[in-house]
Every structure is written in structure tokens, then in C-alpha cells.
Amino acid sequence: MKDLEERLRSVRMIEPSAKFDYAMGRIFAEATPVRLPLLKRPVALWQCVLACAASMLLVVAIQSERGAPPPPQVVTERTVYIFGSPEQDQRAFDLLLNNQDLPFADPSKTRVIVGTGPSEFPKV
Amino acid sequence: MRTYSRTGTRGEAIERIRQFYEAHRQALFAYAVSLTYSREVAEDVIQSVFYRLLRRGRVPHELQPYVYRAIRNAAIDARRRALQAEEKSSILAPLNGTTDPEEIARHDEVEALLQVLNEDERECIVLKVYNGLTYTEIARIRKVSANTAASWYRRGMEKMQRAAKESLP
């Protein structure tokens, strides 16, 4: 039987035609996916939507991480030190209290200490 | 049930199919000719099988038996359609201008021996002798037991041996 197998194998088998090889080459070439550059690859719609949603969530997360802005400072009490001659002190005091533009114009919220120099100021 | 390998990209799958095709090109073609008796029909069959396989973009779990089975099914369909074909193609290469009498005699002898086989025997012998498949692989393609494939082969070889002895002067 081996001898017969050898005899069968001794004859060349039929070869496909050149036209067939060309057609097969085209079939494989058409099936091979073309690798586009990264920036030219098409993006699926669901990927776009997902990216937008992720960006929005990120922005919200960063804003909440920063926290609310601090409330504006409320002036409860101010101390004004005035030193110099008693007449000047009185004028300065009147000027301060009568000037509505200054923040310590409200007498109920302003404590005025009058003296001649820093040695008279109370230690806090 | 058909199973497919799900690993790898489409490009990798196509490359694997291409490598398989290039390694088995001639054997697949001879097998298709042995089933269709026509080189043109065999070419169409192989093209359509690989076209469909590449369009799927996945490698079947067992590529070799899958391709052989697909070729067989497509060849049987094509043969039914082209039943009226008058000229039958041989699986052997034509003697294009060969003048060597020994080569011509050998070619004609093998051609005559293959004619004594029935379809199952012929197919089994082509797959085993020319394509180098095992009985188990042939059995997988034909969906029969390995013993059946072996008995087709043995019966076919015995027929050819008898025919060879009878043809001796």
C-alpha cells in the first residue's frame, strides 16, 4: 500500500490559475482592515455621549470639592485709637463718627480710645 | 454548533486565515477539484468559502476541519448546479507539453487508478495521500467515525491495487 501511495504522490497535483490567485489576493486585501491614524478614526456616537457625560461629572465633582465661597465678613466691633492733643482728638472723633462712608461710623459698634501714645493703649 | 475563537482582533483573525490558506492553497484546490470535477467550479467554491469566512472576521475554533467541510458543502451544491459539465477536470496537473514518456505514463496510470474509486474512497484518498490529513481529521470533515474513514481508504487502495495489477501487460 505504501508503494501505491508513493506512486500517487509522484504525480504533481493540479495548480490553481493565476486568475484565481489574483482573485484570492483581492479577497484578502479587501477583508484586511485599514488602520487609520489615531485622530482620523471614526468615533461611535455612544462613545461621544459617554465622554460628554464623564466630563460633566468631572466638572461637578471638582466644583463640589472646592466648596462654597466664604460669607462676607461682618463687622461686629471696631476699636479706633486716637492720639494727639485733646482738641485734635475731639475733632478727629467727630469727623470719624460723622462720616457715613467709613465702616466704623456706627457709634454702637465703635470703641474709641484716646491717648497720647502707644504706652497708653491697653494690652490685648 | 459552530464555535469561534473570540480572542484577538479582526486583523489577527484575517491574518491567521491568510496563513492557513497560503499553507494549504494547493491541497484545498485539489480537494475541491476532486469533488467538483471542474477547476473553474473549484476556484469559485474556494473563493466563496474564504470570502464568507473573512466577512465573519472570526477564526473558527477548529479552522482546518471547518474549511474542508465548508469546501465540501459548497462543492456538492456547485456540482449539482453544474451537473451538465462535459469536461471533467483531474486533480493531477495537466501534461503541458511534456515529452518525457515516463512522466506521461505515470500521469495516465494514476489518472486511470483514480477513476476506479467511488466518491467516498476518492475523497478519502485525496485527503490522506495528497493533503496529508489523518483518519481522525477526515472523520471530522465528513462527520463519520475514524473507522469509516479508514475503511474507505483501505477499500479504495485495494481497488487501485487490483486495477494496477490488471493493467500490467
Side-chain angles (χ1 to χ4, degrees), chain A residues 1-70, chain B residues 9-11 13-15 17-18 21-22 25-34 39-40 42-44 46-48 50-57 89-95 98 102-103 106-111 113-114 125-126 128-132 153-154 156-158 160-161 163-164:
Chain A
M1 212 173 268
K2 288 280 168 202
D3 176 51
L4 183 56
E5 277 183 12
E6 287 306 312
R7 271 157 72 191
L8 293 174
R9 281 198 197 103
S10 69
V11 181
R12 281 188 307 115
M13 271 197 295
I14 192 168
E15 284 271 355
S17 65
K19 195 176 132 196
F20 168 79
D21 283 338
Y22 176 74
M24 288 301 286
R26 278 196 61 186
I27 287 173
F28 277 103
E30 281 168 15
T32 307
V34 180
R35 199 168 178 78
L36 286 170
L38 192 66
L39 296 176
K40 287 188 178 175
R41 286 184 201 161
V43 182
L45 184 64
W46 68 267
Q47 287 174 328
C48 293
V49 171
L50 194 71
C52 288
S55 303
M56 280 170 63
L57 284 175
L58 194 67
V59 168
V60 170
I62 290 170
Q63 280 185 343
S64 64
E65 187 72 22
R66 281 184 184 166
Chain B
T9 61
R10 182 183 166 84
I14 288 166
E15 190 50 38
I17 295 167
R18 183 205 299 276
Y21 167 73
E22 283 170 2
R25 171 181 157 275
Q26 194 180 14
L28 292 172
F29 182 64
Y31 179 57
V33 173
S34 80
R39 67 175 303 150
E40 287 78 23
E43 288 180 353
D44 288 347
I46 293 178
Q47 279 176 27
S48 67
F50 277 93
Y51 178 75
R52 285 200 302 266
L53 187 57
L54 290 169
R55 244 182 38 182
R56 284 197 180 115
S89 297
S90 164
I91 62 161
L92 307 179
L95 293 163
T98 306
E102 200 180 321
E103 195 182 335
R106 206 167 48 230
H107 180 278
D108 291 347
E109 184 204 7
V110 171
E111 187 67 79
L113 291 178
L114 290 169
I125 284 168
V126 167
K128 179 140 175 55
V129 175
Y130 292 112
N131 299 18
Y153 179 78
R154 199 180 52 251
M157 292 300 273
E158 284 167 0
M160 284 201 289
Q161 274 174 333

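Order of the sequence lines fixes the chain letters, A, B, ..., with proteins taken first and strands second; residue numbering starts at 1 for each chain. No experiment lies behind these values; they were computed from the predicted model shown.
Heavy-atom minimum distance, B/Val110 versus A/Arg7: CG2-O, 3.6 Å. Minimum interatomic distance between B/Gln26 and A/Glu15 (heavy atoms only, all atoms of both residues): NE2-OE2, 3.4 Å.
To the nearest 0.5 Å, the span separating CD on A/Glu5 from CE on B/Met157 amounts to 4.5 Å. One finds the CD atom of B/Glu43 at 7.5 Å from the NZ atom of A/Lys19 (value rounded to the nearest 0.5 Å). Note that the CD1 atom of B/Ile46 and the CD1 atom of A/Ile27 stand 10.5 Å from one another [nearest 0.5 Å]. Atoms CG and CZ, from B/Leu54 and A/Phe28 in turn, are 5.0 Å apart once rounded to the nearest 0.5 Å. The CD atom of B/Glu102 sits 9.0 Å away from the OG atom of A/Ser10 when rounded to the nearest 0.5 Å.
Each of B/Glu111, B/Arg106, B/Glu103 was scored for a side-chain contact (heavy atoms from CB on, under 4.5 Å) with A/Val11, with one residue passing: B/Arg106. Checked against A/Leu8 for a side-chain contact (heavy atoms from CB on, under 4.5 Å), the options B/Leu92, B/Val126, B/Ile125 give a single hit: B/Ile125.
In this structure, chain A has a heavy atom under 4.5 Å from the side chain of B/Arg39, while its backbone stays farther away. For chain A, the nearby part of B/Val33 is the side chain; its heavy atoms alone come within less than 4.5 Å. With a threshold of 4.5 angstrom between heavy atoms, A/Asp21 approaches chain B through side-chain atoms but not through N, CA, C or O. Neither the backbone nor the side chain of B/Glu40 has a heavy atom closer than 4.5 Å to any heavy atom of chain A.
Side-chain atoms of B/Gln47 do not come within 3.5 Å of backbone N or O of A/Ala23 as any donor-acceptor pair.
Between chain A and the options B/Arg18, B/Arg154, B/Gln161, B/His107, the largest number of non-hydrogen pairs under 4.5 Å is found for B/Arg18. Between chain A and the residues B/Tyr51, B/Phe50, B/Tyr21, the largest count of heavy-atom pairs under 4.5 Å involves B/Tyr21.
No more than 12 heavy atoms of other residues, nucleotides or ligands lie within 6.0 Å of CD in A/Glu65, so this atom counts as exposed by the packing criterion. Annotation: A/Arg9, atom CZ; neighbour count of heavy atoms from other residues, nucleotides and ligands within 6.0 Å is above 12.
The pair A/Glu30-B/Arg55 does not count as a salt bridge, with every side-chain nitrogen at least 4.0 angstrom from each carboxylate oxygen.
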